[in-house]
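Residues: numbered from 1 along the sequence shown.
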Amino acid sequence: MYVNELPSYIGFGRFRRTITDNEELKHLNGCIWDAYEKYGNYHIRYTKITRIVLDIEKLD
């Protein structure tokens, strides 16, 4: 999946919610979005069944 904006979090601990307009990004698991810049062109690889993020690559 290619995106130009990563989601942000609200809350803390177990009660974190992902805030984004992209429905596919809301349901991805296993990624700490705060570790990346919010804006930029990204390629996100994830598993289709469990929706666990495998790799996030920033494109130039």
Side-chain angles (χ1 to χ4, degrees):
M1 168 183 5
Y2 292 97
V3 295
N4 58 3
E5 180 181 349
L6 293 179
S8 57
Y9 282 124
I10 189 170
F12 60 94
R14 280 184 45 187
F15 304 105
R16 294 180 88 169
R17 295 185 61 113
T18 304
I19 300 173
T20 183
D21 293 334
N22 189 335
E23 288 297 321
E24 289 183 58
L25 288 177
K26 283 184 181 181
H27 302 290
L28 293 181
N29 300 318
C31 183
I32 300 172
W33 300 113
D34 296 337
Y36 301 95
E37 296 178 23
K38 182 169 175 70
Y39 298 102
N41 295 321
Y42 291 97
H43 177 239
I44 301 173
R45 291 182 352 169
Y46 63 96
T47 60
K48 292 287 184 176
I49 296 172
T50 58
R51 294 183 178 161
I52 295 175
V53 175
L54 301 173
D55 183 37
I56 297 178
E57 178 184 356
K58 185 168 184 177
L59 307 173
D60 293 331

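- Between atom CD1 of residue Ile52 and atom CG of residue Asn29 there is a gap of 6.5 Å, rounded to the nearest 0.5 Å.
- For Thr20 (side chain) and Lys26 (main-chain N/O), no donor-acceptor pair under 3.5 Å exists by modelled atom type.
- For Tyr42 (side chain) and Glu37 (main-chain N/O), a donor-acceptor pair under 3.5 Å exists by modelled atom type.
- Summarising the geometry of Gly40 relative to Lys58, their closest heavy-atom pair is CA-CE, 4.4 Å, with the distance given to 0.1 Å.
- Arg45 contributes atom CZ, which lies 8.5 Å from atom CD of Glu57 (distance to the nearest 0.5 angstrom).
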With side-chain contact (heavy atoms from CB on, under 4.5 Å) as the test, would you mind laying out the steps for Tyr46 and Met1 before giving the verdict? CA-CA 8 Å; Tyr46 63 96; Met1 168 183 5; 3.3 Å; yes
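- Heavy atoms from other residues, nucleotides or ligands lying under 6.0 Å from CD1 of Ile10 number 12 at most.
- Counted within 6.0 Å of CG on Asp34, heavy atoms from surrounding residues, nucleotides or ligands total more than 12; the atom is thus considered enclosed.
- Residue Pro7 forms a side chain to side chain contact (heavy atoms under 4.5 Å, CB included) with just one option from Asp21, Leu28, Leu25, and that option is Leu25.
- For Ile32, the CD1 atom is loosely surrounded, since the number of other residues' heavy atoms within 6.0 Å does not exceed 12.
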